[in-house]
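Here's the structure, in structure tokens; my notes come after.
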Amino acid sequence: MSTPESAGALLTIDLNIIRSNYRRLCQEMGGKDCAAVVKADAYGLGVGPVSKALWEEGARTFFIAQIDEGIELRRHLPEADIHVLVGFLAGSDNIFKEHNLIPVLNTLDQIKRWDDRGRCDLQIDTGMTRLGIAMSDLDHIPSLSNIDILMSHLACADDPDHWLTPKQITNFTRAKDHIPHQRASLANSSGIFNFPAAHHDLGRPGCALYGINPTVHQNNPMENPVHLQGKIVQIHDISDQEVVGYSATHKLQAGQKIATVALGYADGYLRYLSSKGVVYIKDQPAPIVGRVSMDLISIDVTNIDCHEGGLVDVIGPNNTPDDLARLADTIGYEILTSLGSRYLRIYKS
Ligand SMILES: *Cc1c(COP(=O)(O)O)cnc(C)c1O
């Protein structure tokens, strides 16, 4: 049982912010419905608490990637509609039935095996070449009497000017006219904000629920629910020319003060952030100096008031997952889904 005293770092997730992000997305959909994408443990934030909060907020349609994730989500939400993106994989018939999961049929073969036995989704590949039935196979799709969600996924919705998106929207409209269905769904988080023409009946946001900016070139309309605090476990007053960390990549000067903080790449603090990342103590930036180790980072706290046992903001108001992603040359999604299992997780609701 982890406690604030025994943990190296504290991860606080504000479920009220996730709920308000969901409301914001529904508003952006102009009153149309919004599903919630909670794959990969709700983007690393914890599928149980997150999906329950979204259910309380009115979400009824949930998407996960893998069948195992569907089984887990069913334990948390006995009544939700759970849609499995990866598809109706061979040998999984009984699992779908036992856990009352809805498959996204992605291939003609999956449609054949499904054999029109009940409610399902159908995914069309409108241009991403990842999952779904090719546009050239539209005429070969056997008739299905109970398609709930007809869907496709946008590859470039984060870029409002990308050539592929209008093509995908046109393709999807063609498929929609062709195939009888209950609800049509195309837009992910960025699609909801950047492409009203992709709204259709149901939005399918993931990252924006968790505070990642879906609009890239504009201010973030979402709020960050993640606060990650690392614990200072030692402070060094540098009296001579010294070096810090593995491979001695960073030289120190006399008079500097260095704090060692108990989190590292084993906790998802990417090693790429060596000598690049920055944490905050109150509002003062403390840069990472030297290599990120497995369990520890070193930060420059010269002229910053701090003490052993004190906490530093590794993710917070001054350094959001998007900020960290920029420094790490990746995307906020990867920062969130890398959040480690050693953190003491605290849910605010
Ligand atoms: C992950 C995923 C989403 C959510 O995408 P975001 O960019 O996180 O909003 C929606 N639809 C499908 C098919 C996905 O795989």
Side-chain angles (χ1 to χ4, degrees), residues 18 21-22 24-26 28-29 32-45 47 50-51 54 59 61-67 69-70 73 81-88 101-107 110 120-133 148-160 162 164-165 168-169 171-172 175 183-195 198-216 220-226 321-322 325 330-339:
I18 296 176
N21 285 342
Y22 179 73
R24 176 72 183 80
L25 283 154
C26 291
E28 196 66 25
M29 282 292 292
K32 287 177 185 158
D33 196 14
C34 252
V37 180
V38 295
K39 63 193 179 187
D41 198 28
Y43 290 45
L45 302 190
V47 71
V50 166
S51 57
L54 289 167
T61 306
F62 290 80
F63 282 92
I64 40 79
Q66 297 179 3
I67 303 169
E69 295 180 318
L73 181 55
D81 287 346
I82 300 177
H83 302 258
V84 180
L85 290 166
V86 80
F88 188 54
L101 307 176
I102 303 165
V104 176
L105 305 178
N106 285 321
T107 68
Q110 289 178 14
C120 62
D121 303 328
L122 188 66
Q123 174 148 233
I124 306 298
D125 173 14
T126 53
M128 190 178 186
T129 319
R130 198 176 67 165
L131 288 174
I133 290 155
D148 178 7
I149 300 170
L150 179 70
M151 61 173 281
S152 185
H153 191 49
L154 297 172
C156 310
D158 55 325
D159 176 357
H162 202 283
L164 183 55
T165 310
Q168 287 198 270
I169 289 174
N171 280 345
F172 189 66
R183 305 182 283 173
S185 176
L186 179 58
N188 63 345
S189 300
S190 295
I192 291 171
F193 281 92
N194 293 337
F195 295 95
H199 280 182
H200 299 283
D201 306 311
L202 180 73
R204 244 178 22 247
C207 74
L209 290 168
Y210 314 114
I212 302 291
N213 188 355
T215 61
V216 187
N220 193 352
M222 318 315 298
E223 233 190 301
N224 170 32
V226 180
D322 281 329
T330 180
I331 53 178
Y333 299 66
E334 192 178 26
I335 299 294
L336 291 185
T337 56
S338 300
L339 287 171

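One is the number of the first residue; the rest follow in order along the sequence. What you are looking at is a predicted structure, and each value in this text was computed from that prediction instead of being measured. In each ligand, atom 1 is the first atom listed, and ligand 1 is the first ligand listed.
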Q | Check: Gly211 main-chain N/O paired with Asn220 side-chain donor or acceptor under 3.5 Å | A | yes

Q) Between Gly206 and ligand 1, does any nitrogen or oxygen pair lie at a separation below 3.5 Å? A) yes

Q. Rounded to the nearest 0.5 Å, how far apart are OG1 of Thr129 and CG of Asp125?
A. 5.0 Å

Q | Separation of Tyr210 OH from Met222 CE (nearest 0.5 Å) | A | 11.0 Å

Q. For ligand 1, which atoms, with element, lie under 4.0 Å from some heavy atom of Pro205?
A. 9 (O)

Q) For Cys207, is at least one N or O under 3.5 Å away from an N or O on ligand 1? A) yes

Q) Given side chains that start at C-beta, do those of Asp121 and Pro103 come closer than 4.5 Å, heavy atoms only? A) no

Q: Determine whether the side chain, the backbone, both or neither of Ile212 has a heavy atom under 4.0 Å from any heavy atom of ligand 1.
A: neither

(Q) Under 4.0 Å, heavy-atom basis, I'd like to know which part of Arg130 is in contact with ligand 1: side chain, backbone, both or neither. (A) side chain

**Q.** Gap separating the OG atom of Ser189 from the CG atom of Leu25, nearest 0.5 angstrom
**A.** 6.0 Å

Q. Does Arg204 approach ligand 1 within less than 4.0 angstrom via side chain, backbone, both or neither, non-hydrogen atoms only?
A. both

**Q.** atom 9 (O) of ligand 1 [closest protein heavy-atom partner, distance rounded to 0.1 Å]
**A.** Ser189 OG, 2.5 Å

Q. Nearest heavy atom to atom 4 (C) of ligand 1: which of Tyr333, Tyr43, Phe63 does it belong to?
A. Tyr43

Q | Result of checking Asn106, Leu122, Thr126 against Ile133 for side chain to side chain contact (heavy atoms under 4.5 Å, CB included) | A | Leu122

Q. N/O of Asn188 under 3.5 Å from N/O of ligand 1, yes or no?
A. yes

Q: Please confirm whether Lys39 comes within less than 3.5 Å of ligand 1 when only nitrogen or oxygen atoms on both sides are compared.
A: yes

**Q.** Straight-line distance of Ile212 CD1 to Tyr43 OH, nearest 0.5 Å
**A.** 9.5 Å

